Enquirer: 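There's a structure below that I have some questions on.
Worth saying up front: this structure is predicted, and the values here are computed from it rather than measured. Here is how names work: the chains are called A, B, and so on, in the same order as the sequence lines, proteins then strands, and each is numbered from 1.
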Amino acid sequence: LPPVAPSQPATAPAAVSLPPAAAGTEGEAPVAAPAAPVPAPSTPAAPAKPVGPNSAAPGKQQIYLTAERIEGTTSVETTAEGNVDLQYGERTVKADRMVYREPLDEAEATGNVKLTSPGEAIAGPHLKLKLGDSVGTFDTPAYSIHAFNSKDTAAAAHGTAARLDFQGKDKYRLADATYTTCPANGSDPDWFARVSNLSLDYTTSEGTARSATVVFKGIPILYSPWLSFTLDNKRKTGLLAPTIGSTSKGGLELTTPFYWNIAPDMDATLAPRVMTKRGTQWNGEYRYLGRSYSGQIAGEYLGNDEITHTNRNARTILHNQDFGYGFTGELNLNKVSDDTYFTDLSTRLSNITQTNLLREGRLNYGGSEWWSASLMAQRFQTLQDPSQPPLAIPYDRLPQLLLTADRADMPFGTEVIFSGEYANFSNPTGTKIEGKRTTLYPQLAYPMQTAAYYVTPKIGFNSTRYQLTNQQAAGTTLPDQFTRNVPIFSVDSGAVFERPLQLFSQDLTQTLEPRAFYLRVPHRDQSILDKPGQVVNFDTSLADFNFAQIFTENAYSGGDRVADANQLTLAATSRIINTANGEELLRGAIGQRYYFADQQVTLNGVVPRTGRTADFLAALTGKLNREFSIDSGMQYNYQDSAVERFNLGARYQPEPGKALNASYRFTRSLLRQIDTSAQWPLFGGWHAVARYNYSFRDKRAIETIGGLEYDGGCWATRFVLQRLATAVGQVNNSIFIQLELNSFSSIGSNPLNLLKRNIPGYGQITNTPADPVFAE
Amino acid sequence: CGFQLRGKADLPYASLYIALPEASTLRAKLVRSIRAGSKTTIADAAASSQAVLGITGDSTVKNILSLNSAGRVREYQLVRTFGYRVHDQTGRDLIPPGQIVLQRDHTFDDSQVLAKQTEEDLLIRDMEDDIVQQLLRRLAASKPDFAAKG
C-alpha cells in the first residue's frame, strides 16, 4: 500500500467514510482495499463508510473519502470540503473541495488539487476524473509521471501543461506542455521540450510529440514537427542522437539517424550524413533474425561526391542459415565503389585498413560425429592505395571443397584421420598461372592417452595433384599436370605434473606440462613449383613461428609446399590454477625446435634454412592479481643473436569503467610501436578515454584519440578527437560531438564503446548508421 | 620439487550430456578427453544424463594490433570468448555459469590473405584445444549443487 502523507489536521474530521473491516488511525486516511484489509487498530478515530458504486462489488476498487465536512446523498452526489482526501486504489486525490457523482463515477476536485500514486504526482487547480475508467482532465497541471510500478524514478517525465487528459490506465495526452526527464529539484532542468501536443503511453512505452522545440541550457537547439521516443529505454522507432563533426576529408558533417523498429525480429536504421565538402551520404542497415537464419544488409550511397564527381557506395550482405539435416550456409558479400572509398569517407580504423574485401559463400555439412564437408566460393575485392606500389591480387577459390574425417576407436585402438581438398584457383588479372589442386591426406594414428600423459604416433601420406592452366597468358612452361606424394611421420607426446602451491593465502595448483613433438617428412623434390619466374603459389606462405605453429607438420601455411623435416620440438608449459574453481590464472611457456637436417624445399626462391636450432619461444600470460594482467611473448633467433619478435602488454583494471593499458610491440626490421590506452572516470560526471599509438620506426603517431563524456544525469554529451595516419604521409583529423537527451534518443552509446572501437572488430564494411562514430 | 603426475581428473558428474552439434570438433575433443581422463560417461541425450553441459556463447573477434607505415594491418589479435553452463534436466544451474577468454596474436600481410586465413584457422583450433583443457579443469574442480534434485 502506498504511503499517504497525513495532511489532515489532528482534530478529527467531521464526517468520513470507513471501509467495513478497517479503520484509519487518527488523522490518517483509511486506505485499505477490501481484498486486503488493514488489521483494525485498537482505537478507531473516525467513523467512515465506503462510498461509490463499486463499494460492494468484490474485486473492484473501493473509494474512501475523508474531509472536514462531507454532505450529500451518497448514491447521487457527495460534496466534501476542507482537506478533502479521496482514496481510490493506488490513487490519492487531495483538494480543497470535491464533488463525487456516483452515477457517473466522476470526481471533480477544485483548489490545490493533488493527485498522487506510485507512478504519478500531478497538481493543479482543477481535476475532473472518472475514477474507474481513469478518464478525465486536469487543468494547468504540473506533472511528474513514470511507468506504473516502475522503481526507476530516473525515467520520470515531468513538466507543466495547459491541460492533461487521462485517457485510460497509464495513458496521457498533454496540450501545450513542457517535458523533461531531468530531476525535478526545483531548479530549471538542463533540458526540456516545449510541445504543442504530447502523448505518453506507458502501456506501450511510447511517447509522441507534435511540434516540439528542444531547449538545452536555455537555448533552443532543435525543432521538429513530430518526434517519437521511448519511455523505458527499450528499442523503439524514432530519431536517435544526431552526431555533429568535422573531418579533414569531408568538412563539417551532420548525421541524423532514424531507427525503425519493424518487428521483434527485424529492424532498420536510416541515417543521412551531410558533409559540406562532399554532399549527402545515405546510410541504411536492415537486420533480421529467424529461428534458422539471421543476417543483415547494409549500404552507403553518396550520389555525387562534390570532390571526385562520382557516385560512391559501399554495401554488405551477411546471412547465416541453418538448413537442417546437418547443412548450414553462410554468405558474406562486401563491395565498395572505388579504391579510396574508406580512406575518404570512413572514420573507422577497421574500415580504413581494409584492403581485401571478402565475397564468400559457404555451404557446410556436418555429416556425423566423425566427418564433415564444406563447399566454398571465395573472391576478393582488392583496394589499391594510389600512393603505394600495387598489391598482388589474391587467387579466387571457385570453388574449394573440403572433406575432413576423424574416427577414433578403430580396430586395435587406432584412429583414422582424413583430410582432402579440391580447389580451383583463378586470378582476376588473367596473367598468372591458374589451376586445380587436389590433395588427399589419409593418416593413421595410435593414440595412447591417460589423464597424466599421452603418446600419439601417426603416419600419413600426402598426395597432391596439380592441373595447371592459363600458362600461355602467364608466360610459363611448366607441365600441365603433375603429382607430389609425401609421406609424413610424427610422434606427439606430453605429460602433466602437478603440485600444490600456497601464494597470498590462496590454494593454488601449479602444473608442469612438458611436450615433445618429433616430425619426419622425407624430402620430395618440389622444385618444379619454385622455378625462377614460374613459381606456383596459390595460397601459401611461411607461417609465423609461434606456440601453435611449432606443433604442426608444415612450416608453410597453405598447400603448395610440404616442407621436408627431420626435427624435434620441445616445449614446456606451466600454469597456475586456482584450486577451488579450476580457473587458470597465469601461464608461462617456453619452446624450442632442433633440426637434424637442413631444409631443402623452398618457397618463392627464398634461401632455405640451415643450422640445427630454431628460434626460441617464450610467453607469459595471465593475471598477476585481480587488477593486473600481463601478456608477453618473445621469439629469439640464435643464429643472428637477435630478438625476432617481442611484445609486452600490461593492463590495470581495478573495476569496470577504469582501465589502463600499455603495450610495446617489436618485430625485427618491421615494427617497433607503443600503444597506450586508458579509460577513466574524472571528476563531476566526466569520463575520459584516450589512445596513443606511436611507431618508432616511422617516427610518427599512427592513431591518437581523445574522448570525453559527460553524464549529466538526464543527458549526456560526448566529444572525440581523432588523428589517424591513413597512408604514407597522410593524416586524417576528425572531431565529433554528440548530445543525447535521456529518453529522447534511446539507443545511445557510452565511452566503453569508444575504446572497444579502437581495438575494432572485423567483417562488416559499412558503418553502423545508428552511430557512425561513437558506437562499437 | 613436489611435482607429481596428475591422477584421474574425475568430474563430479556420473554422466554428462554435451549440448553441442554432433559434428562439432569441440564436442569431439571434449568427449575424447573426458573418456580418457575420468569415469564420467557421455550421455546420448539430455534426458538420460545427470548433468548437461551447455554453451552460452562462443565468438571470436579480430582486433587490429598494429599497422605498418602505409596504414596496413601488420598484426591481428584473435579474441575468443567462450561461455558455458552446467545444468540439470530441469534447466537449473548446478554450478555458476562461467566464461573462458583466450587470445592469440598473428602477423598479417595483405599480399598473403589466403595463407593468413589458414594460419588463423590453425590458431582457432589451437584455442579450441585450450578451451577443452581449461573447461575440464574447471568442471573437475566444480562443486555441483544437486540439492534441489529429488
Enquirer: What's the separation between atom CG in Leu123(B) and atom CG in Asn546(A), rounded to the nearest 0.5 Å?
Expert: 5.5 Å
Enquirer: Under a 3.5 Å threshold, yes or no: a donor from one side chain and an acceptor from the other, between Glu75(B) and Gln673(A)?
Expert: no
Enquirer: Quick check on Thr579(A) against chain B: is it the side chain, the backbone, both or neither that has a heavy atom closer than 4.5 Å?
Expert: backbone
Enquirer: At a 4.5 Å cut-off on heavy atoms, which part of Gln4(B) comes close to chain A: side chain, backbone, both, or neither?
Expert: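 It is both, since atoms from each part get that close.
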Enquirer: Given that the side chain runs from C-beta out, which part of Ser142(B) has a heavy atom under 4.5 Å from chain A: side chain, backbone, both or neither?
Expert: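 For Ser142(B), there is no contact with chain A at all, as no heavy atom is under 4.5 Å.
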Enquirer: So what's closer than 4.5 Å to chain A heavy atoms on Arg27(B): side chain, backbone, both or neither?
Expert: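 For Arg27(B), side-chain heavy atoms alone lie under 4.5 Å from chain A.
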Enquirer: Where does Thr540(A) contact chain B at under 4.5 Å (heavy atoms): side chain, backbone, both or neither?
Expert: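 Backbone only.
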Enquirer: Is the shortest distance from a Lys or Arg side-chain nitrogen in Arg137(B) or Glu584(A) to a carboxylate oxygen in the other one below 4.0 Å?
Expert: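 No.
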Enquirer: Look at Leu136(B), Asp121(B), Leu65(B) and state which one has the largest set of heavy-atom pairs under 4.5 Å with chain A.
Expert: Leu65(B)
Enquirer: Suppose we screen for side-chain hydrogen bond (donor to acceptor under 3.5 Å, both in side chains). Which residues come up paired with Asp10(B), at least two apart in sequence or across chains?
Expert: Lys39(B)
Enquirer: Check whether Arg672(A) gets within reach of chain B through its side chain, its backbone, both or neither, counting any heavy atom under 4.5 Å.
Expert: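 For Arg672(A), no heavy atom lies under 4.5 Å from chain B.
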Enquirer: What part of Glu415(A) is in contact with chain B, defined as an atom under 4.5 angstrom from a non-hydrogen atom: side chain, backbone, both or neither?
Expert: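 Only the side chain of Glu415(A) comes within 4.5 Å of chain B.
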Enquirer: Identify the two heavy atoms, one from Ala115(B) and one from Ser541(A), that lie closest to each other, and give their separation to 0.1 Å.
Expert: CB-OG, 3.3 Å
Enquirer: Contact part of Asp539(A) toward chain B, heavy-atom cut-off under 4.5 Å: side chain, backbone, both or neither?
Expert: both
Enquirer: Minimum heavy-atom separation for Ala141(B) to Asn581(A), with atom names?
Expert: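 Heavy-atom minimum between the residues: CB-C, 3.5 Å.
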Enquirer: State, without any angle test, whether Arg72(B) and Thr353(A) hold a side-chain donor-acceptor pair at a distance under 3.5 Å.
Expert: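 Distance-only check fails for Arg72(B) and Thr353(A).
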Enquirer: Between the side chains of Arg645(A) and Asp105(B), is the shortest nitrogen-to-carboxylate-oxygen separation below 4.0 Å, so that they form an ion pair?
Expert: no
Enquirer: Given Asp406(A) and Arg32(B), is the salt bridge (Lys or Arg N to Asp or Glu O under 4.0 Å) satisfied, shown in steps?
Expert: CA-CA 12 Å; Asp406(A) 188 338; Arg32(B) 198 167 302 175; 3.7 Å; yes
Enquirer: What part of Leu383(A) gets closer than 4.5 Å to chain B, counting heavy atoms only: side chain, backbone, both or neither?
Expert: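 It is the backbone, since no side chain atom gets that close.
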Enquirer: Would Phe380(A) and Leu114(B) count as a side chain to side chain contact (heavy atoms under 4.5 Å, CB included) here? Give the steps.
Expert: CA-CA 10 Å; Phe380(A) 293 92; Leu114(B) 302 189; 3.6 Å; yes
Enquirer: What are the two closest non-hydrogen atoms of Glu119(B) and Ala543(A), and how far apart are they?
Expert: OE2-CA, 3.6 Å
Enquirer: Which atoms of Ile95(B) come close to chain A, meaning under 4.5 Å heavy atom to heavy atom: side chain ones, backbone ones, both, or neither?
Expert: neither
Enquirer: Tell me, for Leu671(A) versus chain B, whether the close heavy atoms (under 4.5 Å) come from the side chain, the backbone, both or neither.
Expert: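 Contact with chain B: side chain only.
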Enquirer: Is there a salt bridge (Lys or Arg N to Asp or Glu O under 4.0 Å) between Arg575(A) and Asp130(B) once you walk through the steps?
Expert: CA-CA 12 Å; Arg575(A) 304 166 204 261; Asp130(B) 211 339; 3.8 Å; yes
Enquirer: By a 4.5 Å heavy-atom criterion (distance strictly below it), what part of Gln510(A) contacts chain B: side chain, backbone, both, or neither?
Expert: both
